[in-house]
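From a predicted model like this one, the values you see are computed outputs, not experimental measurements. Naming: A, B, ... by sequence-line order, numbering from 1 per chain. Below, each value reflects all heavy atoms present in this structure, side chains not excepted, and no hydrogens, waters or symmetry copies.
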Amino acid sequence: MSETAEKQSYDFRTIEAKWLPFWVQDGTFVVDPADERPQKYVCDMFPYPSGDLHMGHAEAFAIGDVAARYARLRGYNVLHPIGWDSFGLPAENAAIKNNAHPAEWTYTNIETQAASFKRYGISADWSTRLHTSDPEYYRWTQWLFLKFYEQGLAYRKDSPVNWCPSCQTVLANEQVVGEGVCDRCGTPVTKKALNQWYFKITDYADRLLDDMDQLKGAWPERVLAMQRNWIGRSEGAHVDFPVEGGHTVTVFTTRPDTIFGATFFVVAADADLAAQLVTEEQRAALEEYREQLKSVSEIERQSADRKKTGVFLGVHATNPATGAKMPVYATDYVLADYGTGAVMGVPGQDQRDWEFAKAFDLPIVRTVQPPAEFEGEAFTGEGPAINSANSEISLDGLEVEEAKARIIDWLESKGAGRATTNYRLRDWLLSRQRFWGAPIPVIHCPDCGEVPVPEDQLPVQLPTEAKGEDLRPKGKSPLAGLNDWVTVDCPACGATATRDTDTMDTFVDSSWYYLRYVDPKNTQAPFDVEKVNARLPVDQYVGGVEHAILHLLYSRFFTKVLYDMGLVNFTEPFKALMNQGQVLNGGKAMSKSLGNGVDLAEQMDEYGVDAVRLTMVFASPPADDVDWADVSPAASQKFLGRAWRLAQDVTSAPGTDPAAGAAGLRAITHRTIADAQSLLDDQKYNVVIARIMELVNAARKEIDSGAGAGDPAVREAAEVTAQILSLVAPYTAEDMWQMLGHDPSVANSAWPAYEESLLVEDTVTAVVQVKGKLRDKLEVPADISAEDLEAQALALPKIQRYIEEDGGVRKVIVRAPKLVNVVTG
RNA sequence: GCCCGAAUGGCGGAAUUGGUAGACGCGCUCGACUCAAAAUCGAGUUCUGCAAAGAGUGUGGGUUCGAGUCCCACUUCGGGCACCA
């Protein structure tokens, strides 16, 4: 800038209008396939096109963009893709309302969001853009389904499933939230016996759990904890109980050591097992009990303080340890789909069994000695075994762990039991009675049965003519009502057959999109194996904690299956995960009902894109919530103006050697680079902003009351400011960079190198403590010896006084050059 | 009940990982500029106290020359799971 040029004021509108088209034309963020530099893959969880972008998107994508832009400045070949998770129910509801096809609503919203993303300055490579609702995408979702099917990992079964009466569709366990309600509409979920498609995620339970070791430290601990909890591995034993009528029923127990206390036997009332065991005399009673249960809501059933109910099945089981006859009951406190759906009742050591025994007046035997002061009912703690012996084995006196091992050995020797592992995780119910999803590529033939659609007939496309009322849920998939679509020739025998009319859970779509990003236009395969192996796993994944179990667990599962198929050479998709916090307003999540929503577009109009982004990043650590009521985008705008004017004020020529510049400012500049680097590596993005603010303040001071605007150190500070600021405020930074005489884009400039020699301070402030309390300070050379520092500290008059008052020096701790602690007395 | 996480000024949050608590910002107070306001700039701002000084990082103990940081016990808040045998 020449001295004569008229000073403009900082106007974010002009700056945005200038640079947004430039980045598009320049292809600033498009990955060059020939780029040989080391790679980084930074990925945000792709959005659902529910409308325009909101404040939550702004927070998440601002944070993800810092990571991407930082990696780019550090010289990596960065892939930062963008796409949409564009299947899902809201599009269907809109279509019914507007008598339209869901695609209309979906793609209109995508265009709106795409424009907003561009305005928001996200450094995405738009050539990666994908939508899961495009036939070119879901063709491969279907292809992957078929691969899973081939390996027996996709199957159908009849089972009581979660049913939302309002959405008229089944739900996965992961989608039943809180006290048993639908995560979309809050309606209490009921159970319905249906034939549904599942992915066999339980086959991968151990690996999903054990491979979390790879993620420790790189994923938030709470996400790992939630997944661990969800998988719910528990070690125990299977024990076989002979039951009258010639059956043998196996139970799962984590406490085989308590088997001598098993006095009754309970099976899940809603499972087939109960119907198989029941005597003819008791069959009517069982049926009546089952009828009663149907009227009990899931919420009521799950409440722990509900009194135990059940019905005697008329048969007895034999306890393999005691030989005792145990009455067999059906009850709803035993879950059909956990363990084996049957439990040995040990009232002495299990509170639920205690309550059942009390309700049915069954004997209670303690087999673990509670401490003398114990006053509870069932005793579930540690203690020596009692009452636990037969003619062949005695556990008496053994502590729980030892007793478990001994009884398992004995059961194994008798062929009556074995150690086993059980999981809370159930198979993933993936079929949905919805329209706007990827159709399950299977044909049902009266002669051949289940026939997978041949690969060359993919994609099984959704009908494009369906609209409005065609899509209303009727208890079965809307596709079932479209006869032209449903009727098809069997690919195996040519007979008239029908298509499967369910569509896939949208979490199937999102379980592999991060793979497709590296090769989004591939028409021969979901992705090129070599390209994926070269680019993945994702180095930094960014998204909300609400997907802690759902999307993240499913994606991990998919990756492991693909690994086993030889399609990828890694077992975990996301090396590092960052959960951004929510954006609140007044301590509460923004919502229509509270009327506390803040409109992103309005904020950008009023304060500018950069100010909104800066506010998001500066407000708190990335993982913490941002309360919009506590922050000031106006202040962010003000700061950006200060930074921008810095560049405007610089009068030295580009390329001026900074060595001759003011030493004080240079030291601050280089300290800022060094600090920013380690802060960015630690993802302490909010603190990085604080450091840039300090640098801007120091540079301003230098201009106003120091060496002046022509000092080379001021130019250096302004350049560094532009570069670091470009991570959060790309428009302002780009404009600064140009004012400073550089070619755009600052985003592809090199991260500034700091000079070690400038970080070394000549003098430091040493603190002098007496008995750990700060009493005085001392300016000393940075290379002062411990002896000199101690002597100087002890000579201080203030310190002398304390020493006299406290009765002399006992000990002196010296940490040159920063600290002296005098211990007196 | 079980499992995670957190607690620092009026507010959001810093603290090189055991060595000056409160960086940076918001807000507030005072001042400059202005006829005035806005914008901008400057000074101050943990608490008590006129000051000297003292106290201080949820509570209570402990380790240490020295603790926001480490250990033990607890409290409160947030989140997840929960009749899972």
Side-chain angles (χ1 to χ4, degrees), chain A residues 9 177-179 220-230 232-234 236 251-256 258 262 266 301-306 308 331-335 337-346 349-353 355-356 380 422-426 545-546 548-549 614-615 618-621 623-636 638-639 641-642 645 671 674-675 678-679 684 686-697 700 704-705 765-777 810-815 818-825:
Chain A
S9 61
V177 298
E179 312 223 309
E221 181 51 40
R222 64 171 171 161
V223 173
L224 296 177
M226 279 189 237
Q227 293 214 356
R228 226 176 273 129
N229 209 318
W230 189 260
R233 178 157 72 189
S234 50
V251 303
F252 172 74
T253 176
T254 56
R255 294 295 303 275
T258 65
V266 264
R301 202 194 66 75
Q302 284 185 12
S303 75
D305 48 356
R306 184 164 160 264
K308 297 285 178 284
T331 178
D332 68 341
Y333 86 86
V334 173
L335 307 176
D337 50 1
Y338 181 77
T340 62
V343 171
M344 61 179 195
V346 188
Q349 273 71 231
D350 185 287
Q351 185 59 27
R352 297 154 300 179
D353 294 346
E355 287 161 17
F356 191 84
T380 55
N422 200 53
Y423 303 89
R424 210 188 73 97
L425 182 71
R426 320 287 164 77
V545 72
E546 65 273 17
I549 329 189
L614 182 77
T615 304
F618 182 52
S620 66
D624 289 8
D625 291 345
V626 174
D627 193 330
W628 208 248
D630 292 340
V631 298
S632 172
S636 298
K638 195 169 99 178
F639 164 72
R642 270 169 69 78
R645 280 191 295 279
R671 169 55 61 195
D675 283 357
S678 67
L679 289 164
K684 295 179 177 177
N686 55 324
V687 191
V688 174
I689 309 295
R691 288 292 125 78
I692 309 176
M693 287 173 169
E694 288 176 284
L695 178 58
V696 169
N697 291 344
R700 174 51 58 194
D704 290 347
S705 53
T765 307
V767 302
V768 185
Q769 301 175 330
V770 176
K771 289 204 281 194
K773 284 198 167 132
L774 176 67
R775 295 305 182 189
D776 209 348
K777 294 178 188 181
R810 180 141 54 102
K811 192 175 172 185
V812 183
I813 282 112
V814 185
R815 294 282 180 272
K818 300 278 282 186
L819 176 134
V820 176
N821 188 12
V822 182
V823 188
T824 53

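A:Asn697 comes within 4.0 angstrom of the backbone, heavy atoms only, and of no base. Among the heavy atoms of the strands lying under 4.0 Å from A:Glu694 are primed sugar atoms or P, OP1, OP2 only; no base atom is included. Counting any heavy atom pair closer than 4.0 Å across all strands shown, A:Val343 reaches a base atom. Using a 4.0 Å heavy-atom cutoff across all strands shown, A:Asn821 reaches at least one base atom of the nucleic acid. Among the protein residues, A:Arg700 comes within range of no part of the nucleic acid, since none of its heavy atoms lies under 4.0 Å from any strand. At the heavy-atom level, A:Arg222 lies under 4.0 Å from the strands shown only through sugar-phosphate atoms. Residue contacts for A:Lys638: at a heavy-atom cut-off of 4.0 Å it reaches the sugar-phosphate backbone alone, with no base atom in range. A:Pro220 comes within 4.0 angstrom of no nucleic acid atom, judged by non-hydrogen atoms across all strands. A:Lys811 comes within contact range of the sugar-phosphate backbone alone, with a heavy-atom separation under 4.0 Å but no base atom that close.
A distance of about 26 Å separates the C1' atoms of B:G22 and B:C71, rounded to the whole Å. Here the separation of B:G68 from B:A15, taken at their P atoms, is 16 Å to the nearest Å. Rounded to the nearest Å, the gap between the C1' atom of B:A73 and that of B:G9 is 28 Å. Here, B:U69 and B:C84 have their P atoms 38 Å apart, quoted to the whole Å.
B:A53 and B:U48 make up a base pair, with Watson-Crick or G-U wobble contacts both under 3.5 Å. The pairing partner recorded for B:C33 is none, the criterion being a Watson-Crick or G-U wobble arrangement whose two distances lie under 3.5 angstrom. If you check B:G78 for Watson-Crick or wobble pairing at under 3.5 angstrom, you find it paired to B:C4. Taking a pair to require two hydrogen-bonding distances under 3.5 Å in either a Watson-Crick or a G-U wobble arrangement, B:G10 pairs with B:C26.
Side-chain proximity of A:Met693 to B:U20, B:A14, B:C24: nearest is B:C24. Closest contact between the side chain of A:Ser632 and the listed nucleotides B:G54, B:A23, B:C26 involves B:C26. When distances are taken from the side chain of A:Arg645 to each of B:G54, B:U40, B:A15, the shortest belongs to B:U40. Minimum atom distance to the side chain of A:Val687 is reached by B:A14, of the listed B:A21, B:G80, B:A14. In this structure, the nucleotide among B:C26, B:C3, B:A82 sitting nearest to the side chain of A:Ala635 is B:C26. Which of B:C83, B:U20, B:A14 sits closest to the side chain of A:Tyr333 comes down to B:C83. Closest to the A:Val334 side chain, of the nucleotides B:G13, B:A85, B:G19, is B:A85. Checking B:C65, B:A14, B:A85 against every side-chain atom of A:Tyr338, the shortest atom distance belongs to B:A85. Side-chain proximity of A:Gln769 to B:G12, B:U20, B:G5: nearest is B:U20.
Each of A:Ile813 and A:Thr340 was matched to the nucleotide of RNA chain B holding its nearest heavy atom; the match closer to the 5' end belongs to A:Ile813. Comparing A:Thr765 and A:Leu679 by the nucleotide of RNA chain B whose heavy atom lies nearest to each, the residue mapping closer to the 5' end is A:Leu679.
Side-chain N or O atoms of A:Asn422 include none that pairs as donor or acceptor with a backbone N or O of A:Ser234 at under 3.5 Å.
On a pure distance criterion of 3.5 Å, no polar donor-acceptor pair joins the side chain of A:Asn229 and the base of B:C81. For A:Arg426 and B:C84, a side-chain-to-base donor-acceptor distance below 3.5 Å is present, hydrogens and geometry of angles not being considered.
Residue A:Phe639 contributes atom CZ, which lies 11 Å from atom P of B:C26 at whole-angstrom precision. Atom pair A:Asn686:CG and B:C24:P shows a separation of 14 Å (rounding to whole Å applied). Rounded to whole Å, atom C1' of B:C26 lies 13 Å from atom CG of A:Asp627.
In this model, the phosphate group of B:C84 is not approached by any side-chain N or O of A:Tyr423 to a distance below 4.0 Å at OP1 or OP2. The phosphate of B:C84 (OP1 or OP2) has no side-chain N or O of A:Arg233 nearer than 4.0 angstrom.
With A:Tyr333 as the aromatic partner, A:Lys308 meets the cation-pi criteria of under 6.0 angstrom to the ring centre and within 45 degrees of the ring axis.
In this structure the side chain of A:Val823 reaches within 4.5 angstrom of the side chain of A:Arg810, judged on heavy atoms. With a 4.5 Å cut-off on side-chain heavy atoms, A:Thr380 and A:Gln351 do not count as touching.
Note on A:Glu694 versus A:Arg691: salt bridge recorded, some NZ/NE/NH1/NH2 to OD/OE distance being below 4.0 Å.
Defined by atom type and a distance below 3.5 Å, a donor-acceptor pair is missing between the side-chain atoms of A:Arg815 and A:Asn821.
The minimum heavy-atom distance between A:Thr615 and A:Ser636, with the atom names listed, is OG1-OG, 2.7 Å.
Nucleotide B:G56 carries an anti base; the chi torsion (O4'-C1'-N9-C4 or O4'-C1'-N1-C2) is more than 90° from 0. Taking the O4'-C1'-N9-C4 or O4'-C1'-N1-C2 dihedral as appropriate, B:U17 has a value within 90° of 0 and is therefore syn.
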